[in-house]
Enquirer: 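Submitted below is the structure of interest, expressed as structure tokens.
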Amino acid sequence: METKTINKVKEWVERAEMGFFYEHPAQQEAAQALLQMSFPTTRDESWKYTRTAKLAQTSFQLELAEVMAEVSFEEFVPALSVSSNFFGTLHTAFCNQAWRCEVKGNESDHTHHFVIKNKKKGIWMQPFWRIEVKENARGKVVIHSEMEVDSFLNGKIEIFLAKGAHLDIDLIQDHAETHFHLMQVEVIQEEGSHLNLVTHTLQGGWIRNEVKIELRGQRAHAGLSGFYLPENQQLIDNHTVVDHQVPHCTSNELYKGVLFDQSRGVFNGKVFVRKDAQKTEAYQSNKNIMMSDTAEMDSKPELEIYADDVRCSHGSTTGTFDQEALFYLRARGLSEMGAKQMLVSAYINEVIDRSGQPLVIEYVKKTLSERGRVIAD
Amino acid sequence: MMKIENLKASIDGKEILRGLNLEVKPGEVHAIMGPNGSGKSTLASVLAGREDYEVTDGTVTFNGQSLLDMDPEIRAREGLFLAFQYPVEIPGVSNMNFLKAAVGEMRKHRGQDPLTAKEFLALVKEKSALVELDGQLANRAVNEGFSGGEKKRNEVFQMAMLEPTLAILDETDSGLDIDALRIVAQGVNAMRSPERSFVVITHYQRLLDYIVPDVVHVLYKGQIVKTGPKELALELEEKGYDWIKETVA
Amino acid sequence: MEILDEITGKDYEFGFTTNIESDKIPAGLNEGVIRLISQKKNEPQWLLDWRLDAFKIWQTMQEPEWAHVQYTKPDFQAISYYAAPKSKPKINSLDDLDPEMRKTMDKLGISLDEQKRLNGIAVDFVMDSVSVATSFKEKLGELGIIFCSISEAIQNHGELVQKYLGTVVPKKDNFYAALNSAVFTDGSFCYIPKGVKCPMELSTYFRINEGGTGQFERTLVIADEESYVSYLEGCTAPQRDENQLHAAVVELIALERAEIKYSTVQNWYPGDKEGKGGVFNFVTKRGLCDGYKSKISWTQVETGSAVTWKYPSCVLKGDYSVGEFYSVAVTNHFQQADTGTKMIHIGRNSHSTIISKGISAGKSNNSYRGLVQINPSAQNARNFSQCDSLLMTDQCGAHTFPYIEVNNSTAQVEHEATTSKIGEDQIFYCLQRGLDEEQAISMIVNGYAKEVLNKLPMEFAVEAQKLLAISLEGSVG
């Protein structure tokens with residue numbers, strides 16, 4: 001059994017015609033480690049609801065992603081480190097593209113905008129971004145991925161917020177149903193820093209976002225939010241960890257989904273409050289509407305708390321459409337479809353509006369409206 | 001009854017009371033007025049024994065004993081009652097059970113026999129009428145879902161039940177409409193007696209129309225800066241606290 | 001708060017052993033031991049085969065590790081799987097009981113006496129491995145209610161046991177359930193016939209007495225159509241340095257319109273203040289709401305055990321069936337609890353409610369783990385979950401791990417959880433009214449847990465309140 005799994009990884013890695021891009025020792029180390037690893041299965045607690053079998057069985061070729069726009073990013077050689085999880089290790093071993101941006105002053109009216117695109121079938125991309133916001137600086141970043149054909153992107157975003165730094169970052173994910181997408185976002189926040197991360201998942205066949213935030217300095221605040229509107233057989237999985245390591249930090253999390261057809265949504269949020277992180281205030285919420293009898297939502301909001309003087313709460317609701325509201329709108333002459341779209345947009349606008357970037361808000365709303373997913377307000 | 005000498009207290013290293021002196025004799029009603037931040041609520045908290053405050057100097061003698069050496073519950077059992085400015089809600093704990101336990105402790109401390117259930121209920125009935133607190137209120141959880149006025153009436157009701165020798169009313173008038181204010185004052189007045197003293201802490205003179213004090217003190221920057229008869233309150237109302245600030249400066 | 005540090009927690013009140021001669025087989029587990037147990041209990045062949053099958057399954061399984069607890073795994077070969085009081089009494093009247101045993105019951109405050117008889121509670125008493133006394137049998141018999149030890153049921157009502165045993169918790173369900181199926185020695189059995197509302201609380205007290213034994217009891221409660229029963233179990237164990245294993249299985253079956261209310265006051269020895277000793281409580285409890293409008297309600301007050309691993313669950317198969325879970329779990333010192341429930345919605349319009357109140361003190365860890373699963377067939381299913389945690393010290397941990405799986409668009413699932421510290425303002429308010437800190441904490445905690453305590457039968461609610469207070473004495477840092 002064991003040999004079989006190892007072979008699978010090996011085979012898959014070989015099929016992808018691996019090569020070490022940066023010749024960083026961590027790349028070889030990670031590749032070696034990979035041979036001892038296997039694709040996560042639903043027996044792994046953090047992959048309980050998301051299957052990787054289809055991905056593991058598809059062959060991809062490692063290539064570069066096409067960069068459509070890179071406003072104020074520059075290519076660089078990343079400092080790679082070995083990760084403990086499978087996709088992280090995979091990323092370290094075969095990372096072949098990396099960009100960084102640094103925010104030094106107050107750049108509130110400037111956006112670091114990155115658009116990555118793929119139109120090539122059967123390729124596997126391994127991009128890496130590093131965003132650093134220096135002491136007391138303010139920055140805005142958009143990372144926009146448009147993946148049009150069957151392909152696989154295993155990406156990583158590293159964010160470092162220095163003392164008093166402020167970052168608004170929006171991820172816009174707009175993918176074909178045949179695209180596999182795994183994005184790890186790792187954030188480190190120093191004292192008094194402020195993060196506002198919004199993940200806008202417009203569509204995608206298989207998307208897994210893993211956001212990990214370490215609050216290392218006191219009085220730091222992390223806001224993270226996201227929405228997803230999967231249809232057909234799409235799967236959208238959001239995993240988040242907010243690690244309160246020191247006292248007086250706050251976090252606020254809101255993920256909302258509307259699920260259509262046979263789609264699946266997964267939310268797993270963990271708030272971790274370490275022993276000395278007194279006076280932590282953490283709030284986490286996951287809300288879902290089921291639009292179809294064949295859709296499935298698995299929600300796992302977790303609290304793991306080792307300090308006593310804290311205020312932590314989470315909530316999760318999953319349910320049907322507000323029939324009263326629907327009827328009310330129809331009684332006022334809206335079509336059933338129109339009424340639903342209006343209610344869906346009202347539902348997810350709460351998330352979109354959390355973005356710190358008006359242009360993003362406008363773009364996302366307009367795009368969803370053009371596609372008939374919602375009615376613009 | 002109670003004598004405060006050169007009391008100094010601070011919170012988080014910041015000194016709030018800076019050498020306060022006050023003597024309250026049995027049966028007297030003292031009003032303590034002062035602008036926001038002058039130390040009024042700190043005084044109430046320090047006297048009741050809240051641990052957040054550090055007493056750095058001074059003494060408080062209460063019925064011949066050193067008050068500051070006592071734990072909060074001993075102070076209460078010795079007859080000191082604080083009507084809280086913001087009475088906390090304690091979900092799930094019924095007002096009646098709470099009071100029964102408290103009355104029980106008081107009586108035990110005074111060497112009295114416990115009340116029978118019947119006696120207790122009779123007492124509740126008698127005392128709740130004082131503050132026009134309907135029977136329903138007595139059966140709810142402590143302060144839970146109470147309106148601001150109900151909370152304050154509940155405080156006075158508890159005071160009547162526990163029969164303290166010294167009652168400190170911390171801004172009991174805040175958040176009360178005129179009817180509630182009248183009821184609360186009525187309850188307090190009914191309890192006035194030659195053995196019982198009151199310290200009424202308030203920002204406004206309004207309450208003192210109903211609970212008429214023997215002495216009025218003005219607290220400013222942690223000290224009593226002016227003491228006078230009840231007319232002082234009226235003067236303050238008219239001239240405002242700036243007048244005091246100027247006088248002191 | 002300093003005052004409390006000075007007060008040492010009250011010692012475990014129930015930590016006495018009873019000097020009764022017992023018939024205990026040597027430690028170890030193999031097919032021979034299982035045959036011996038079965039033989040000692042004079043069991044039919046089908047049950048021996050069932051046990052042996054379970055043992056085979058168990059041997060292929062591994063002890064689960066996913067729970068948020070850490071402990072040294074028990075050595076299953078070091079446990080004696082059968083210990084019975086030697087003077088196994090044939091009891092017709094309670095006066096015939098071994099005087100030592102009577103004393104045990106008196107110390108437990110159990111109610112085999114007239115007083116509780118007046119209260120109308122029928123008690124089955126299980127000491128170590130076997131059931132020693134069942135009261136009220138006759139009166140219940142008149143109504144056609146069967147309430148006896150499971151050994152007795154196997155002898156006298158074999159067909160009922162065979163029909164239902166293992167139908168809710170299959171042998172292969174989990175590691176401990178498989179072990180229990182192989183070696184269970186006694187437990188309680190209860191059958192309420194069609195249309196009968198059981199007129200009194202049925203109650204079982206479990207006690208581990210012998211050292212080096214494990215207790216593996218098996219409880220089976222069947223409520224036939226339109227019947228009702230309220231059932232209570234209490235648990236205690238003596239203070240011992242080594243850990244004792246308790247791996248019970250409880251199966252409930254509620255048929256059409258039947259209702260089972262199952263309450264537990266669990267006070268197994270939690271170990272001492274340094275975390276030494278205590279019971280490992282690895283229990284599988286599950287109820288099947290099999291029929292239309294059937295209802296199963298679990299209420300538990302958990303204060304004992306060194307390590308608890310327990311998820312009383314409901315399989316809501318019947319349309320309009322109802323599942324409820326009300327829990328208070330207190331952990332102090334070095335106790336660890338990973339407890340919660342599973343609500344599996346299969347039937348249309350099935351409803352479930354989960355109210356969980358965790359209280360962590362000392363250096364303990366207290367986790368809620370719960371699954372709400374709405375299957376595609378469960379049209380209009382509803383669930384509401386509220387999981388609150390109260391922290392008493394900065395050394396303890398409180399964790400919430402809900403799993404919510406929704407597979408039906410008409411479902412409505414709501415989960416809320418909060419974690420907070422015990423209110424210093426609340427304590428001060430009580431102090432100002434003359435209560436001491438212990439009283440204040442006891443009062444606040446009982447208030448916090450009231451929603452759950454209210455669900456207990458009256459007489460036990462009072463006991464449970466006291467138990468909460470005792471468990472938390474000296475707990476605030």
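Proteins come first, then strands; the chains are lettered A, B, ... in the order of their sequence lines, and each starts at number 1. What you see below is based on every heavy atom in this structure, not just the backbone, and it leaves out hydrogens, waters and symmetry mates.
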Enquirer: Can you pull out the residues in residues 279-293 of chain A with any heavy atom less than 4.5 Å from chain C?
Expert: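 Near chain C, by residue number: A:Met290, A:Met291, A:Ser292, A:Asp293.
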Enquirer: List the atom of A:Ile236, the atom of A:Gly204, and the distance in Å for their closest heavy-atom pair.
Expert: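 Between these two residues, the closest heavy atoms are CD1-O, 3.8 Å.
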Enquirer: Tell me whether A:Lys300 forms a cation-pi arrangement with A:Phe267, defined as NZ or CZ under 6.0 Å from the six-membered ring centre and within 45 degrees of its axis.
Expert: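 No, A:Lys300 and A:Phe267 do not form such a contact.
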Enquirer: Can you check whether anything in residues 394-420 of chain C gets within less than 4.5 Å of chain A, heavy-atom wise, and list it by number?
Expert: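 The residues closer than 4.5 Å to chain A, in numerical order, are C:Asp394, C:Gln395, C:Cys396, C:Gly397, C:Ala398, C:His399, C:Thr400, C:Phe401, C:Pro402, C:Tyr403, C:Ile404, C:Glu405, C:Val406, C:Asn407, C:Asn408, C:Ser409, C:Thr410, C:Ala411, C:Gln412, C:Val413, C:Glu414, C:His415, C:Glu416, C:Ala417, C:Thr418, C:Thr419, C:Ser420.
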Enquirer: Charged N to carboxylate O below 4.0 Å: is that the case for A:Glu191 and A:Arg219?
Expert: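 Looking at A:Glu191 and A:Arg219, the cut-off is not met.
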Enquirer: Between C:Phe175 and C:Trp58, what is the ring plane arrangement, given parallel below 30°, perpendicular above 60°, and tilted in between?
Expert: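 Ring orientation, 0 to 90° scale: tilted.
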Enquirer: Aromatic rings A:Trp206 and A:Trp47: how do their planes relate, parallel, tilted or perpendicular, breaks at 30° and 60°?
Expert: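 It falls in the parallel class, under 30°.
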Enquirer: With a 4.0 Å cut-off, would you call A:Lys48 and A:Asp298 a salt bridge?
Expert: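 Salt bridge: no.
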Enquirer: Looking at A:Arg208 and A:Asp237, is any side-chain nitrogen of the basic one under 4.0 Å from a carboxylate oxygen of the acidic one?
Expert: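 So A:Asp237 pairs with A:Arg208 through a salt bridge.
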Enquirer: Which atoms of C:Gln373 are under 4.5 Å from chain A, going by heavy atoms: the side chain, the backbone, both sets, or neither?
Expert: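 When you check distances to chain A, no heavy atom of C:Gln373 falls under 4.5 Å.
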Enquirer: Please say which of A:Asn238, A:Val185, A:Leu182 ends up in a side-chain contact (heavy atoms from CB on, under 4.5 Å) with A:Asn209.
Expert: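 So, applying the side-chain contact (heavy atoms from CB on, under 4.5 Å) to A:Asn209 and each of A:Asn238, A:Val185, A:Leu182, only A:Asn238 qualifies.
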Enquirer: Taking the cut-offs as 6.0 angstrom to the six-membered ring centre and 45 degrees off its axis, would you call C:Lys357 and C:Tyr448 a cation-pi pair?
Expert: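 C:Lys357 over C:Tyr448 ring: yes.
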Enquirer: To the nearest 0.5 Å, what is the distance between CG (C:Asn380) and CG (C:Asn349)?
Expert: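 Those atoms lie 4.5 Å apart.
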Enquirer: Heavy-atom distance under 4.5 Å to chain C: side chain of A:Phe272, backbone, both or neither?
Expert: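 A:Phe272 has no heavy atom closer than 4.5 Å to chain C.
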Enquirer: For A:Glu45, is it the side chain, the backbone, both, or neither that has a heavy atom closer than 4.5 Å to a heavy atom of chain C?
Expert: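 Only the side chain of A:Glu45 comes within 4.5 Å of chain C.
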Enquirer: Do NZ/NE/NH1/NH2 and the carboxylate oxygens of A:Arg354 and A:Glu350 come within less than 4.0 Å?
Expert: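 Between A:Glu350 and A:Arg354 there is no salt bridge, as every charged N stays at least 4.0 Å from the carboxylate O atoms.
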